[in-house]
Trainee: 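A single structure is presented below for examination.
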Amino acid sequence: MKKITTLFILCILSLGIQAQVNLVPKPQKISVAEGKYNLPQQPTIAYASGALKPAAEFLQTSLHRYVSVNAALVPGKKGDIRIITKKGLAKDGYQLNITAAGIEIAAANYSGTLSAIATLNQLLLQSDTPIKLSQLSITDAPQYGWRGFHLDASRHFWDVEEVKEVLDLMALYKLNRFHWHLTDDQGWRIEIKKYPLLTEKGAWRTYNNQDSVCLRLAAREDNPDLLIPAKRKRVEHGDTLYGGYYTQEQIRDVVAYAKQRGIEIVPEIDMPGHFLSAIENYEGLACFPTIGWGEVFTTPLCPGKQKVLDFCKDIWNEIFQLFPYEYVHVGGDEVRKDTWKECPDCQKRIKDLKLKNEEELQSWFIHQMEAYINKNGRKMMGWDEILEGGLSKTATVTWWRTWVPDAPLQITAQGNDVVFCPGAPMYFSQAEEKTSMRSVYEYDKEMLKGMNAKQKQHVIGVQGNMWCEYIPTRERLLFQYFPRILALSELAWTKPELKDYDQFYSRLPQQFAMLHKLNVPFRTPSLDGIYRVNAFTNEGTMAVSCADPLATVRYTTDGSFPNKNSQLYNGPVKIDETTLFTLRTFAPNGQAGEMIKADFIKQGLLEPVKVNASKLTQGLNAAWYNYRGEKCAQIHKAPFKGNYPVNDVVIPENVKGNIGLITTGYLRVPEDGVYTFSLMSDDGSWLKIDGNMVVDNDRPQSPHEEVSQQALKAGLHKIEVRYFDSNGGMLRLWVFDTKGKKMQPTDIYFK
């Protein structure tokens, strides 16, 4: 009995110690022993082979940077920290053992070694001084080989040090593919020696409409992180130009920096569309002399001209010399084809090659590039538009268009590899919502639907994308990256059966403390406890909680921007009249977060409508209009397409293209009280109850959730949900009862 009691106590102690080990992504297997390992102030790092020396040097740099420890490197297997290669471990896997005798890193390959170092670096960042690490053993390996992150350097330019900071943070969270978007209409960012005008002129611009939006947002949101950086400007002939580019020597430096950290760089040179920064500076690349922006996209390259193919191949020749990795990305997305329809050269090419249309002409162009890429020992990647007109057998596809949901099934059925990076939820350039992190974290539940075992083998990984039209500064960039990058990390690395979102969320406070220590600005997760509109009937309470325990919350009630001198929130605030709150979080260094509007509205209970309930049936009616506008109020004026019975607020299956929906029915309210309505849409939507606006989400936008409350009397209430979109978006409505429980459609909707 005494032995059992002792064993029970040891188990409880062990569980308590494990709870203190806070790692993202969560490892496969971890066991913690009693005791600590005291890291010397001047430890030795032993590396078992010359191939491991770069990893040892990286760890040496990390120790100095993260915990101010100066380490010495020694060849061999004897040191305070030992880095060795070990057979029998999973591909890219590792073992990390911390004992009284020191730290041992064992891995199957270099990639695994760097992942072990990432784990150790997180433990170091969470330690106190002097460094005392829990004795433990971790065995780990990734779920996916492609754990990617994309950065757009064209819309706004990032200097070498900023790119290196992104690479360091990727390495810390075991992301291993850096998709570097180097060219687009707004700027050419990589030196091509054969065509110097690409950077002499193509890398610089006068302010465009995206820059103007950033400046307006900076003023509207009281956010200096949205201002255009002065260091990116230069004056030429009296004009202020904005931009920058990487020399080839800088590219080589970044490539070497990433390689040491176990990260492969995938350069993207976007073609045949998104090529205006080159077309403007070299004559004859387009079909006609008149070039520029069309209704949505820019003038593309002319695939009917041989000089265009030669020009592109010349660029790839220099790209191949700079990037030694397996993949290059050709873009291939969002290509205007109206000029091709009018171009004699393009039409001759179509006729000579017996192509069916301009889609097949684009496919032919992409195949020409791919053949040249393959000839030079590389593999081609492209956005999922390269499916149109025919996909080659060797291309790898990055799937982003959520409105083409069967694309991954087509890609994998043909035997091609695919990387999942859908616009929702993997476009981190879009504003983070309350549900964003969970959507990223749990995306594996959506990824493999409908695939057989063979198709699943062609899903090589996931990737988060950062498009920087409205992200001009390092501070804003990292704010958009974090904390979603943590959810992406665990999605990409950790096996689904080991994942749990609530447990992941509980690990975030310590991760936030790490990010504060690294001076990484991040978005504090949405405050819990409040909505956009909060209803009360007699007395209300404004009570919030924050996921970052180191952040403070301040607020105003007069419509002004909260600042460091505004009222500090330190507990629930009682109110008995309508009050409009503006709240804002502040990091320990004083950095202001985003502002949150929370209107507390004193309401009477909305009376139910009089309707013969016996004539109602379950469900709703969705009326589809061929609507191309951007205001819910105008939808009913568009041509009517048809009525669709639906069981929930959704886009009916056959409704595509230009969408204007008016969904109507009745909401059954079981008891008097305050009900909560969460309306998410891409693009705009609204919810009216008995003709009263309850949720106003009426604007062109990326997926956005708006949550509001309404006091309702028991009975039936007429609901109307309006929604518009022109490119196949998303729509859903959740209703929560007076106790906060989500109501099911079968309980609430009638028509």
Side-chain angles (χ1 to χ4, degrees), residues 23-28 45 47-66 71 73 81-87 89-96 103-125 138-151 160 163-180 251-267 322-327 419 460-464 481 485-486 488-494 518:
L23 297 169
V24 173
K26 183 180 179 180
Q28 280 189 14
I45 303 174
Y47 53 94
S49 67
L52 294 174
K53 186 177 181 181
E57 291 172 338
F58 172 54
L59 179 55
Q60 181 186 40
T61 300
S62 299
L63 284 167
H64 184 265
R65 178 185 177 192
Y66 294 150
L73 302 183
I81 304 174
R82 302 171 293 280
I83 304 177
I84 64 172
T85 300
K86 184 176 181 180
K87 295 181 179 180
L89 295 177
K91 181 183 177 183
D92 298 337
Y94 69 89
Q95 286 181 343
L96 174 65
I103 301 171
E104 182 178 86
I105 291 170
N109 55 17
Y110 189 83
S111 176
T113 300
L114 268 294
S115 292
I117 290 174
T119 297
L120 179 57
N121 281 341
Q122 287 196 27
L123 295 173
L124 291 168
L125 279 165
I138 296 174
T139 302
D140 204 6
Q143 167 80 352
Y144 289 110
W146 189 288
R147 305 181 299 280
F149 216 89
H150 160 285
L151 177 62
V160 167
V163 172
K164 286 182 176 180
E165 183 177 18
V166 168
L167 293 169
D168 281 335
L169 292 167
M170 286 179 61
L172 187 62
Y173 288 102
K174 300 185 177 71
L175 300 174
N176 67 346
R177 295 292 189 278
F178 181 55
H179 180 166
W180 205 358
I251 292 287
R252 291 189 182 94
D253 177 42
V254 171
V255 167
Y257 192 88
K259 182 179 180 181
Q260 186 185 42
R261 286 149 180 77
I263 297 170
E264 295 186 12
I265 297 182
V266 181
L322 298 170
F323 297 93
Y325 298 117
E326 183 178 17
Y327 291 97
V419 173
I460 63 174
V462 294
Q463 177 172 297
Y481 270 146
I485 195 173
L486 279 67
L488 175 72
S489 167
E490 198 142 309
L491 169 71
W493 181 275
T494 305
L518 293 174

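Numbers here simply count residues along the sequence, with the first being 1.
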Trainee: What's the separation between atom CD1 in I45 and atom CD1 in I105, rounded to the nearest 0.5 Å?
Mentor: 8.0 Å

Trainee: To the nearest 0.5 Å, how far apart are CG in L23 and CD in E490?
Mentor: 9.5 Å

Trainee: Check whether any side-chain heavy atom of R65 sits under 4.5 Å from a side-chain heavy atom of D168, and report yes or no.
Mentor: yes

Trainee: Which label fits Y94 and W493: parallel for a plane angle under 30°, tilted from 30 to 60°, or perpendicular past 60°?
Mentor: tilted

Trainee: Side chains of Y325 and K259, heavy atoms from C-beta outward: is any pair under 4.5 Å?
Mentor: yes

Trainee: How close do A90 and A141 get, heavy atom to heavy atom, and via which atoms?
Mentor: CB-CB, 3.8 Å

Trainee: Look at the side chain of S62 and the backbone N and O of F58, then say whether any donor-acceptor pair between them is shorter than 3.5 Å.
Mentor: yes

Trainee: Kindly give the heavy-atom pair with the smallest separation between A55 and T113, and that separation in Å.
Mentor: CB-CG2, 3.8 Å

Trainee: Is the side chain of T494 donor-acceptor paired with the backbone N or O of P25 at a distance under 3.5 Å, no angle test?
Mentor: no

Trainee: To the nearest 0.5 Å, tell me how far F323 CZ sits from R252 CZ.
Mentor: 10.0 Å

Trainee: For A107 and L89, which heavy atoms make the closest approach, and how far apart are they?
Mentor: CA-CD1, 3.7 Å

Trainee: Quick one, L151 and Y481 - any side-chain contact, counting heavy atoms below 4.5 Å?
Mentor: yes

Trainee: Considering only heavy atoms from C-beta outward, does the side chain of L114 approach that of N176 to under 4.5 Å?
Mentor: no

Trainee: Measure the spacing between CG of L486 and CG of L491 and express it to the nearest 0.5 Å.
Mentor: 12.5 Å

Trainee: Which heavy atom of I138 sits nearest to which heavy atom of P27, and what is that distance?
Mentor: CG2-CB, 3.8 Å

Trainee: What I'd like to find out is whether the side chain of V24 reaches to under 4.5 Å of the side chain of Y173, using heavy atoms alone.
Mentor: yes

Trainee: Run the side-chain contact (heavy atoms from CB on, under 4.5 Å) test on L96 and D140 for me, step by step, so that the C-alpha distance in whole Å, both residues' side-chain angles and the decisive distance to 0.1 Å come before the verdict.
Mentor: CA-CA 9 Å; L96 174 65; D140 204 6; over 6 Å; no

Trainee: Between F149 and L169, is there a side-chain heavy-atom distance shorter than 4.5 Å?
Mentor: no

Trainee: Nearest 0.5 Å, what's the OH-CD1 distance between Y47 and I83?
Mentor: 10.0 Å

Trainee: Would you say Y257 and V163 make side-chain contact, with heavy atoms under 4.5 Å?
Mentor: no

Trainee: Is it true that atom NZ of K53 has more than 12 heavy atoms of other residues, nucleotides or ligands lying nearer than 6.0 Å?
Mentor: no

Trainee: Are the side chain of Q28 and the backbone N or O of T139 linked by a donor-acceptor pair below 3.5 Å?
Mentor: no

Trainee: Starting at CG of L63, measure out to CG of N121 and round the result to the nearest 0.5 Å.
Mentor: 7.0 Å

Trainee: Could you pull out the closest heavy-atom pair between E57 and Q260, with the gap in Å?
Mentor: CB-NE2, 3.6 Å

Trainee: Any heavy-atom pair between the side chains of V255 and P324 that's under 4.5 Å?
Mentor: yes

Trainee: Looking just at side-chain N and O atoms, do T119 and K174 make a donor-acceptor pair shorter than 3.5 Å?
Mentor: yes

Trainee: Shortest non-hydrogen contact from A171 to I263?
Mentor: N-CD1, 4.0 Å

